[in-house]
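Encoded as structure tokens, the structure appears first; notes follow it.
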Amino acid sequence: MVDATPIRPRSAATVAEWDYEADVVVAGYGIAGVSASIEAARAGADVLVLERTSGWGGAAALAGGFIYLGGGTPLQKACGFDDSPENMKTFMMAALGPGTDEEKITDYCEGSVEHYNWLVDCGVPFKESFWGEPGWEPPFDDGLMYSGGENAAPFNEIATPAPRGHVPQMDGKRTGEKGGGYMLMKPLVETAEKLGVRAEYDMRVQTLVTDDTGRVVGIVAKQYGKEVAVRARRGVVLATGSFAYNDKMIEAHAPRLIGRPGAAIEEHDGRSILMAQALGADLAHMDATEVAFVCDPQLIVRGILVNGRGQRYVPEDTYSGRIGQMTLFHQDNQAFLIIDEASYEEGAAATTATPFLRVQPKWAAETVEELESDMGLPAGALQSTVEVYNTHAAEGSDPLLHKKSEWVKPIGTPVAALDLRGFTLGFTLGGLRTTVNSEVLHVSGEPIPGLFAAGRCTSGVCAGGYASGTSLGDGSFYGRRAGISAAKEA
């Protein structure tokens with residue numbers, strides 16, 4: 001629930017006393033907030049972070065830890081992969097649209113190698129090893145993986161495939177509890193603390209404070225139920241995450257996610273977006289959402305995914321987030337995995353970071369005809385799909401959807417179907433419209449003085465599509481820009 005406190009901006013003239021004060025005030029201590037804090041402090045600013053919970057981390061600390069980087073990073077080179085900013089841009093423009101911000105993506109790709117080096121300099125560790133199996137994330141401490149379908153159709157024909165999912169090295173990794181995201185955040189927070197960054201916890205930001213010129217000069221927040229005023233001498237950075245858990249905003253902007261929030265934390269209530277909107281801030285791609293498909297990729301890649309009509313609709317070896325979007329957006333959230341016994345057993349025995357996503361078959365039969373009948377599909381619907389697939393699979397090809405030949409194998413018997421209807425969860429990608437310097441733009445197109453933003457409360461490099469690592473990558477990259485820009489303000 002969003003706090004009932006009025007969200008309209010306060011006038012600085014009405015603030016009797018400032019409870020806290022700093023040059024740069026950052027709302028949110030996740031990946032965007034910590035990156036902004038480091039750069040603002042390095043630029044000589046006194047920095048105060050306001051964090052809603054009782055500790056740093058945000059959604060980033062609970063994430064698998066992918067940071068989407070490329071263009072020829074030292075890790076890519078160490079693992080034997082060639083990449084360039086131009087090649088990276090070609091993929092991102094194709095995969096993250098429609099409506100991508102070309103200026104922002106160009107900027108991100110050209111600065112990607114430098115950003116990798118910045119992370120390393122801040123103490124983020126990367127192991128020089130590549131994990132090439134299908135999966136949500138590496139099950140071990142490998143540092144590099146394909147994380148956006150770069151090596152699958154149609155993108156492997158649009159741009160030269162290169163893995164760009166960079167994962168911080170983590171000992172004793174526990175997916176969803178203490179993984180690569182935690183190992184990304186910990187050294188960054190330690191770096192910020194060494195630079196003198198201060199943090200106040202249990203701070204629920206409420207609204208922005210402006211002076212008589214319209215410039216943002218502070219934030220009103222609630223700490224332990226008491227209203228406090230925080231002055232920002234140079235600038236305010238908003239970095240409080242998405243609106244995935246604001247039901248009203250989901251209904252208004254991204255209704256396909258109604259009742260399906262996931263891969264975020266409940267503090268992602270969109271408050272920063274609303275606070276900036278109250279000042280006239282512009283928004284972009286508020287309907288854009290990532291959609292997770294909650295079935296282990298080691299199983300998916302070995303079968304064929306069909307919709308409620310028994311027809312294939314997506315190459316099974318692509319990024320699971322793309323499968324999720326294709327399923328929820330275009331197939332009415334109807335999906336079934338058709339897989340033979342030998343392939344299921346092989347997939348179930350394969351190494352994975354997500355064994356808890358190994359779904360059990362709902363139907364099993366000696367023939368495809370029997371399976372089709374048991375599933376309640378029209379006679380011939382599934383049989384014709386399997387027949388076409390098997391005809392070409394016998395030659396190692398998939399001319400219909402272009403799954404890579406290494407995963408193309410005729411479906412034998414006995415055969416089963418996994419019921420994957422409704423197996424999707426998602427989070428929002430849209431938000432405040434910002435410049436490459438992380439200035440929040442007014443609907444007039446002009447920057448709002450004193451206000452900056454980064455991370456999932458903004459519309460970043462993803463306009464529609466997604467690749468794992470673009471949230472942490474975009475959040476840290478433009479978080480840095482936000483800190484630099486805010487520290488420069490008079």
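What you are looking at is a predicted structure, and each value in this text was computed from that prediction instead of being measured.
- Looking at T428, its side chain does come within 3.5 Å of a backbone N or O of F243 through a donor-acceptor pair.
- To the nearest 0.5 angstrom, F427 atom CZ is 4.5 Å from S471 atom OG.
- Here the side chains of E251 and I258 are in contact, with some heavy-atom distance below 4.5 Å.
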(request) In sequence, state the C-alpha distance, the side-chain angles, and the governing distance for F81 and L144, and then conclude on side-chain contact (heavy atoms from CB on, under 4.5 Å). (result) CA-CA 10 Å; F81 294 97; L144 189 64; 3.9 Å; yes

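- Few gaps surround CG on N117; more than 12 heavy atoms of other groups in view lie less than 6.0 Å from it.
- Nearest approach of A162 to D82, heavy atoms of both residues: CB-O, 3.9 Å.
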(request) Give the C-alpha distance, both sets of side-chain angles, the deciding distance and a yes or no for side-chain contact (heavy atoms from CB on, under 4.5 Å) between D83 and R164. (result) CA-CA 9 Å; D83 197 13; R164 302 190 185 97; 2.7 Å; yes

(request) Starting from the C-alpha separation in whole Å, work towards a yes-or-no answer on side-chain contact (heavy atoms from CB on, under 4.5 Å) for F126 and T73. (result) CA-CA 11 Å; F126 294 96; T73 66; over 6 Å; no

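- Residues N307 and Q334 have side chains that never bring a donor and an acceptor to within less than 3.5 angstrom of each other.
- L119 has its side chain within reach of L69: a pair of non-hydrogen atoms, C-beta onward, lies under 4.5 Å apart.
- Among all heavy-atom pairs drawn from A59 and I265, the shortest one is N-CD1, 3.5 Å.
- From H253, atom NE2 reaches atom NZ of K248 across 10.0 Å, with rounding to the nearest 0.5 Å.
- A salt bridge does not link K403 to D398: none of the charged side-chain nitrogens sits closer than 4.0 Å to a carboxylate oxygen.
- No more than 12 heavy atoms of other residues, nucleotides or ligands lie within 6.0 Å of CD in E102, so this atom counts as exposed by the packing criterion.
- Inter-residue side-chain proximity for N151 and K404 is flagged as met; some heavy-atom pair is nearer than 4.5 Å.
- For the residue pair V167 and D142, the shortest heavy atom distance occurs at CB-O, 3.9 Å.
- Side-chain polar atoms of N437 and S485 form no donor-acceptor pair below 3.5 angstrom.
- With respect to the salt-bridge test (charged N to carboxylate O, under 4.0 angstrom), the residues R456 and E290 do not qualify.
- With rounding to the nearest 0.5 Å, the separation of OG1 in T352 from CD in E133 is 9.5 Å.
- Here the side chain of E39 pairs no donor or acceptor atom with the backbone of I484 at under 3.5 angstrom.
- Within a 6.0 Å sphere centred on CD of E406, heavy atoms belonging to other residues, nucleotides or ligands number more than 12.
- If you check the side chains of S147 and Y68, you find no donor sitting under 3.5 Å from an acceptor.
- Within 6.0 Å of NZ on K488 lie no more than 12 heavy atoms contributed by other residues, nucleotides or ligands.
- Partner of L238 under the side chain to side chain contact (heavy atoms under 4.5 Å, CB included) criterion, chosen from T434, V205, T458, L451: L451.
- Using a 4.5 Å heavy-atom cutoff, the side chains of V306 and R312 are in contact.
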(request) Go through the steps for W136 and L357 under the test side-chain contact (heavy atoms from CB on, under 4.5 Å), then give the verdict. (result) CA-CA 10 Å; W136 279 42; L357 297 183; 3.7 Å; yes

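- Shortest non-hydrogen contact noted between S129 and L75 is N-CD1, 4.3 Å.
- With rounding to the nearest 0.5 Å, the separation of CG in L432 from CG in L274 is 9.5 Å.
- Of the N and O atoms on the side chains of Y313 and T327, at least one donor lies less than 3.5 Å from an acceptor on the other residue.
- The backbone N or O of G464 sits less than 3.5 Å from a side-chain atom of Q325, completing a donor-acceptor pair.
- Proximity of a side-chain donor or acceptor of E372 to a complementary backbone N or O of L382 within less than 3.5 Å is detected.
- Here the closest heavy-atom approach between residue A463 and residue P98 is recorded as CB-O, 3.3 Å.
- Using the six-membered ring where Trp is involved, Y108 and Y478 have ring planes that are parallel, under 30° apart on the 30 and 60° scheme.
- Atom CD1 of I273 and atom OG of S242 lie 7.5 Å apart (nearest 0.5 Å).
- Remark: side-chain polar atoms of R302 are paired, donor with acceptor, to backbone N or O of Q298 under 3.5 angstrom.
- Taking CG of L328 as the start and CG of N333 as the end, the distance is 5.0 Å to the nearest 0.5 Å.
- Here the closest non-hydrogen pair linking I31 and S476 is CG1-CB, 3.7 Å.
- Put simply, the side chain of E110 does not reach to within 4.5 Å of the side chain of K89, judged on heavy atoms.
- Note on R271 versus D269: no salt bridge recorded, every NZ/NE/NH1/NH2 to OD/OE distance being 4.0 Å or above.
- Under the 3.5 Å distance criterion, with hydrogens and angles disregarded, no donor-acceptor pair is assigned to the side chains of S459 and K104.
- The six-membered or imidazole ring of H166 lies near that of Y116, with a centre-to-centre distance under 6.0 Å.
- Under the 4.5 Å side-chain criterion, counting only non-hydrogen atoms from C-beta, W118 is in contact with S35.
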